[in-house]
Amino acid sequence: MAVYKRGYRRYSGPLTGRWARFLVLPRYAWRRLYRQRLVLLLTIVSFVWPMLCAGFIYLTNHAELLQGLDREFREFIQVDGRFFSIFMYVQAGFAVFLAALAGPGLIAPDLANNALPLYFSRPLTRWSYALARLTVLVGMLSIVTWIPGLMLFWLQVGLAGGSWFTANWSLGAGMVAGFLVWLLILSLVAMASSAYVKWRVVAAAVSLAFFFILSGVAEMIDNVLRVRWGHIIDPAWAVNQVWRALLGVTPTEGPGATASALALAVIVLLLVVVIERKLRPVEIVS
Amino acid sequence: MMNVIPVVELEDLKVKLGRREILHGITCRLGVSGTGKAIGLLGPNGAGKSTLILTLLGFLRPSAGRARILGVDCAHSVGDARSRIGYMPENDSFIGDMTAVAFVRQMAELSGLPSEAALEKAHQVLFHVGLGEARYRELRTYSLGMKQMAKLAQAIVHGPELVVLDEPTNGLDPAARRRMLKLIVEMKNEQGMNVLVCSHLLRDIEQVCDEAVIMKDGAIVHHCDLEQERRSNRSFVELEVTGDDRRLRAALPEIGAEGVSEGFGRWRIVLPPGVDVNAIWTLVGRQQLLVRKLTHRRDTLEEIFLKAMGHLAQTPGEAGLEVGQS
């Protein structure tokens, strides 16, 4: 029978579980995100570098193709920590722009349209809402970061053999962990800017400015005070330092990986507090 | 004896916003779960109606006391309580770039409906509220009345036991208002949902509610069973006649009624239970009096409200009761 003839009857069937309900927000958000051409285009473009890296891995594992090349150069092009760190820098850059493009569309419209009371009047807590929004971004950014990274890693394992895996498994684990730290920070920054600025474009600009401004301030501190610890407030620098430690690459001059990891933890904590204060079904003016 | 679960149960409920106490120890039991009745929440601005609703939804935590919805504690079992509620907020609340059907479906899925069932219910409920033809339009293109209906649709799509409606007729034209009130009545009568309506419009509450609670300064100042009021008020009659009405007082006991003359042919009469107004017509006809006016004088909710606010010393119904007693 046609819907319009059926009339409304209260639903009395089975209900879904907590996880299925949790995934409702990400599902709808992903669908809406990939309808944006710019997001889709940037996602596609961000696969170019992993493809090139895959070609590079293929090349390094086929000695016959490298016969004509200089010996020093052949030693230089190795699939090691440095290779993965270069891969990560490029993909991390794409991730920054993707987060700035997609992030503001997550919370800002809900705040602008006062939709939070509708969400929170359902069995959905503020934390699960925030976590669902975080899942959207982390999920979307994973597609262009650690997932292709892991595929490259397994490609290398497949071509180089089990012995390479035994000697370098920490590269794969380090890359995934390093990317997840970066995605967490990117997503929280995008969510925070989206929670405070209702206009998408401005929220995207704020999200990008966060990294540039902190980087500038860090540089200023270092130069004015003639120190090296100023960089610790620059999340991009700090995460780079952590990555280097995870991939076994020589760290840059300045605070070490532990101090950088601590600084990142403080930044994450501050961002969580900032988001928590804004995501309320009703605004209470004391 | 059957265990009766009230729709809303408040025990010395106190709620603070910042340092200011908004609700001052409210205690009451409203409605009975599963009976399909509507409760009206009335009060002037700042009375604490919205604070009470937000507390029932678990948005605000009580500073003392308890609030329960359908027997579930609103502060400690928020998830349970919310899964049984549908909420229609007063202000615009939607996601502008979603179509009505996608929006309502998403809300249904968040309430726990499986995806397919959510889609089916979204279509059904949108037809039910009169948005069937506009269900594929983005919500931002809707008129105010359509947005109100879309809000109602998302509130009832999952078939909640209790629907909380905050100013449901706000900004609606008369036709849309009538439709909204009709839908509320259908919700309780046909779907068996309990409804909690918060409104400034006394006539709306009077029209659809079975119980009314009047709040003032963070406390409940009056709680009345409107159905009972309607029944009891049927016994008060205002009569205006021309002709010699001197024998009317003596004749009234013939039908078991009592009355008092206010002069110039005006009478206030109290009918006994089981006697309806036709008996007055017959009696007055026998007295050969010409009836100029005969009305059931019932206390309107407005009069009850004004009395609760302290603007009236007594309602006309109470005045009538005094006549009957004298």
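Atoms considered below: every heavy atom in the structure, side chains included; atoms not considered: hydrogens, waters and symmetry mates. Just so we're on the same page: letters track the sequence lines, and every chain starts at 1.
A cation-pi arrangement is absent between B:Lys151 and B:Phe94 under the rule of less than 6.0 angstrom and at most 45 degrees off the ring axis. For A:Arg31 and A:Tyr28, the positive end sits near the middle of the six-membered ring, less than 6.0 Å away and at most 45° from its axis.
Using a 4.0 Å cut-off between charged side-chain N and carboxylate O, B:Arg137 and B:Glu133 make no salt bridge. Salt bridge annotation for A:Arg21-B:Glu109: absent, with no cationic side-chain nitrogen under 4.0 angstrom from a carboxylate oxygen. By the 4.0 Å N-to-carboxylate-O rule, B:Lys49 lies too far from B:Asp166 to be salt-bridged with it.
Neither the backbone nor the side chain of B:Val78 has a heavy atom closer than 4.5 Å to any heavy atom of chain A. Neither the backbone nor the side chain of A:Arg126 comes within contact range of chain B; no heavy atom of the residue lies under 4.5 Å from a heavy atom of that chain. With a 4.5 Å cut-off on non-hydrogen atoms, A:Arg18 does not touch chain B at all. In this structure, chain A has a heavy atom under 4.5 Å from the side chain of B:Asp97, while its backbone stays farther away. Looking at B:Leu139, there are no atoms closer than 4.5 Å to chain A (heavy atoms on both sides), in backbone or side chain.
Contact detail for B:Leu42 and B:Ser199: the closest heavy-atom pair is CD2-O, 3.3 Å.
Comparing B:Val157, B:Leu113, B:Val129, B:Leu57 by heavy-atom pairs within less than 4.5 Å of chain A, the highest count is held by B:Leu113. Between chain A and the residues B:Leu126, B:Ile156, B:Leu54, the largest count of heavy-atom pairs under 4.5 Å involves B:Ile156. Across B:Gly112, B:Ala117, B:Gly159, the residue that shares the most heavy-atom pairs under 4.5 angstrom with chain A is B:Gly112. Of all the listed residues (B:Gly192, B:Ser83, B:Ser111, B:Ala108), the one sharing the greatest number of non-hydrogen pairs under 4.5 Å with chain A is B:Ser111. Contacts with chain A were tallied for B:Gly132, B:Ala102, B:Pro114; B:Pro114 has the most, counting heavy-atom pairs under 4.5 Å. Between chain A and the residues B:Met187, B:Arg105, B:Glu186, B:Arg140, the largest count of heavy-atom pairs under 4.5 Å involves B:Arg105.
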request  = Report the C-alpha separation of A:Gln91 and A:Phe179 in whole Å, then their side-chain angles, then the decisive distance to 0.1 Å, and conclude whether the side chain to side chain contact (heavy atoms under 4.5 Å, CB included) test is met.
outcome  = CA-CA 9 Å; A:Gln91 291 310 100; A:Phe179 263 141; 3.9 Å; yes
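The ring of A:Phe120 has its center no closer than 6.0 angstrom to the ring center of A:Trp127.
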